[in-house]
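Contents: one structure, followed by commentary.
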Amino acid sequence: MHDPRVLLDPATDAVRKLARRGYSLDLERLEKLLGGRNAAIQKGDESRAEANRLQKAVKGASPEERPALVEKAREMKASITLAEEEHRELEAQLTEYLLEIPNLPADELPDGASDEDAVEVRTWGEIPAVENPLDHVDLGEKLGILDLPRATKLSGPRFAVLKGRGAALERALARFFLDLHTERHGYTEWSVPALVTRPTMTGTGQLPKFEQDLFRTEVADRELFLIPTAEVPLTNLHARETLAAEELPLAYTAQTPCFRSEAGSYGKDTRGLIRVHEFSKVELVRFVDPARSREELEVLLGHAEAVVQALGLAYRVVRLAAGDIGFSAEYTYDIEVWLPSQGRYREISSVSDFGTFQARRAGIRTKAKDGARGFAATLNGSGLPVGRTLVAVLEQGQQPDGSVRIPPALVPYTGFEVLEPA
RNA sequence: GGAAGCGUGGCAGAGCGGCCGAAUGCACUCGCCUUGAAAGCGAGAGACACGAGAGUGUCCGGGGGUUCGAAUCCCUCCGCUUCCGCCA
């Protein structure tokens with residue numbers, strides 16, 4: 001959520017920036033709502049100040065003058081109520097409007113609205129030469145580790161069942177990611193709920209605008225949402241808290257299941273593990289000094305890249321176009337791994353700087369030793385999703401004899417070096 | 001799910017319906033003292049909103065009510081603790 005004053009400040013150039021992501025900001029409406037709200041607050045404050053004066057007067061009043069003062073105080077109460085109602089109404093309208101305004105994309109991002117407009121930053125690793133590559137679904141079935149028909153039987157389309165060494169590989173990947181980030185990159189591991197409340201989802205920006213992307217549960221009169229990423233619970237750990245500025249940056253990680261409705265993605269990636277309703281992911285979240293958020297983004301990107309590199313997977317980093325970044329983001333890099341079966345790079349990680357946008361929504365404040373107050377900047381990145389990494393490991397590791405070689409760094413976790421056809 | 005109790009500032013803990021944004025202690029900040037530190041002494045210090053500012057207002061778990069006036073009385077919801085039931 002933005003500070004309306006900042007949006008209204010011509011120096012912010014908010015209208016132009018938001019137009020780059022196809023959002024048309026109505027400055028006039030904003031100004032009217034803010035001005036009206038502030039006026040209502042002032043009116044209420046003045047009435048209340050008067051009421052307070054009257055109360056004191058009543059206390060010291062003689063029996064004769066008392067009834068008149070009490071009567072005036074009664075009247076003042078009505079005027080307070082009126083101003084409060086107006087304030088409440090305008091405040092609600094203002095908040096409702098502010099909550100649906102996306103973050104301002106950074107000027108450094110390229111123009112454009114799709115992944116085609118992303119700019120390649122660098123490539124890493126050697127694209128493996130695979131003759132007649134199989135995709136991960138064919139590989140998984142031949143290896144006897146993937147059972148999609150049974151997944152469909154259990155839960156319908158867009159789910160996955162892994163078996164034997166496939167399940168072990170999934171477990172190994174997650175443990176490998178977590179160990180790397182906690183031991184080498186200094187992240188604190190958390191175990192957090194996968195079901196969260198509406199305010200929590202609003203804090204990171206999934207709500208109110210993107211409810212159709214989420215799975216929602218309801219028991220009795222209690223409503224909870226399944227998280228689409230651990231970003232939601234990890235970032236909201238500090239919702240409505242004040243952090244000591246000196247303690248930043250805070251670096252958190254968690255492995256959680258992630259649930260996505262994938263509404264509107266009909267026909268896209270319908271095969272296999274690429275796009276499913278439920279998957280496991282290790283997420284990285286950083287709370288940082290807003291003045292340093294872009295540097296911190298590079299650090300975070302490095303942590304995510306380190307995982308892909310440790311697995312020896314060929315990948316590239318792209319800078320997303322201004323119109324393609326997420327609602328809450330102001331700057332995003334994607335890491336894309338090479339998928340031999342598709343002959344192209346596919347997204348495996350998204351690393352974003354949210355500035356203070358999420359912190360304002362969630363109320364993540366900072367206080368420095370000298371008393372200076374502000375909001376933290378939040379960043380997050382996948383580090384990494386287990387399913388899509390498994391796809392890359394299978395596809396990039398496939399051998400001419402139909403086996404798949406496990407990346408050496410992972411072997412201590414799997415206990416086996418190769419997957420053989422069943 | 002049933003019964004009882006409790007929810008006050010970073011923590012602990014006071015608080016006759018107006019003198020309470022709230023005593024006191026600890027922690028904290030700054031001085032003095034000290035070679036340095038501790039102790040001691042002195043001073044300061046909550047958050048949020050509106051306002052150019054002076055300042056004004058709000059906040060004692062949330063919401064509602066009584067009253068000219070509520071941390072203090074009433075209702076309700078939520079949370080915590082203890083006992084019972086159930087359960088992984």
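Treat the numbers as computed from the prediction; the structure is a model and nothing was measured.
In this structure, E65(A) places its CD atom 14 Å from C1' of C68(B), rounding to the nearest Å. Rounded to a whole Å, the CD atom of E71(A) is 9 Å from the P atom of C68(B). Rounded to an integer number of Å, the gap from Q42(A) CD to A52(B) C1' is 12 Å. In this entry the distance linking CD of E91(A) with P of A49(B) reads 10 Å, nearest Å. Look at CD on Q55(A): it is 10 Å from C1' on A70(B), rounded to the nearest Å. Rounded to an integer number of Å, the gap from CG of L243(A) to P of G10(B) is 14 Å. The distance between atom CD1 of I80(A) and atom P of U67(B), rounded to the nearest whole Å, is 15 Å. Whole-Å rounding puts the E241(A) CD to A47(B) P distance at 17 Å.
Checking K367(A) against A73(A), the closest nucleotide of RNA chain B that is more toward the 5' end is the one next to K367(A). Between R74(A) and R88(A), the one whose closest nucleotide on RNA chain B sits nearer the 5' end is R88(A).
Remark: G7(B) base-pairs with C78(B); criterion is Watson-Crick or G-U wobble with both hydrogen-bond distances under 3.5 Å. Across all strands shown, G1(B) forms a Watson-Crick or G-U wobble pair, both distances under 3.5 Å, with C84(B). Pair assignment for G46(B): C59(B), on the basis of Watson-Crick or G-U wobble contacts that are both within less than 3.5 Å. Base-pair partner of A52(B): not found among the strands shown (Watson-Crick or G-U wobble, both distances under 3.5 Å). When Watson-Crick and G-U wobble pairs are counted only if both distances are under 3.5 Å, G40(B) pairs with C32(B). Pairing for G69(B) is absent, with no Watson-Crick or G-U wobble pair whose two atom distances lie under 3.5 Å.
Spacing between C60(B) and U72(B) at atom C1', rounded to whole Å, works out to 10 Å. Atom name P, nucleotides U58(B) and A70(B): the rounded distance is 10 Å, in whole Å. Annotation: G7(B) and A12(B) have their C1' atoms spaced 15 Å apart (nearest Å). As rounded to the nearest Å, G69(B) and G18(B) have C1' atoms that lie 6 Å from one another. The gap from the P atom of A43(B) to that of C59(B) amounts to 31 Å, rounded to the nearest Å. Using atom P as the reference point in both G2(B) and G9(B), the two lie 29 Å apart (nearest Å). Here, C77(B) and C86(B) have their C1' atoms 25 Å apart, quoted to the whole Å. The separation of G36(B) from A52(B), taken at their C1' atoms, amounts to 48 Å, rounded to a whole angstrom.
H185(A) and Y187(A) have perpendicular rings, their planes meeting at more than 60° on a 0 to 90° scale where under 30° would count as parallel.
Between T253(A) and E283(A) the shortest side-chain heavy-atom distance does not fall below 4.5 Å.
The cationic group of R260(A) does not satisfy the cation-pi geometry with F215(A), failing either the under 6.0 Å distance to the six-membered ring centre or the 45° limit from the ring axis. At least one cation-pi condition fails for R286(A) and Y252(A): the charged atom is not both under 6.0 angstrom from the six-membered ring centre and inside a 45 degree cone around its axis.
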Dump the pairs, protein N or O against N or O of nucleotides 54-58 of chain B, anything under 3.5 Å, distances to one decimal.
unit_1: G57(B); atom_1: OP1; unit_2: N52(A); atom_2: ND2; d: 3.2
unit_1: G57(B); atom_1: O2'; unit_2: D45(A); atom_2: OD1; d: 2.9
unit_1: G57(B); atom_1: O2'; unit_2: R48(A); atom_2: NH1; d: 2.7

Mind listing the N/O atom pairs, protein and nucleotides 72-74 of chain B, below 3.5 Å?
none

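Dashed line: the shortest gap from a side-chain N or O of R37(A) to OP1 or OP2 of G51(B) is not under 4.0 Å. The side chain of N38(A) places no N or O atom within less than 4.0 Å of a non-bridging phosphate oxygen (OP1 or OP2) of A49(B).
Atoms CD and CD1, on E305(A) and I348(A) in that order, are 12.0 Å from each other to the nearest 0.5 Å.
Between the side chains of Q206(A) and E211(A), not a single donor N or O lies within less than 3.5 Å of an accepting N or O. Checking D353(A) against S293(A) by side-chain atom types alone, a donor-acceptor pair falls below 3.5 Å.
Backbone-only contact: R365(A) has heavy atoms under 4.0 Å from sugar-phosphate atoms and none from a base. L69(A) comes within contact range of no nucleotide atom at all, as no heavy-atom separation falls under 4.0 Å. Counting any heavy atom pair closer than 4.0 Å across all strands shown, R373(A) reaches sugar-phosphate atoms only and no base atom.
A salt bridge does not link E86(A) to R88(A): none of the charged side-chain nitrogens sits closer than 4.0 Å to a carboxylate oxygen.
Within 6.0 Å of CZ on R16(A) lie more than 12 heavy atoms contributed by other residues, nucleotides or ligands.
For F327(A) and F357(A), the gap between ring centers is short of 6.0 Å.
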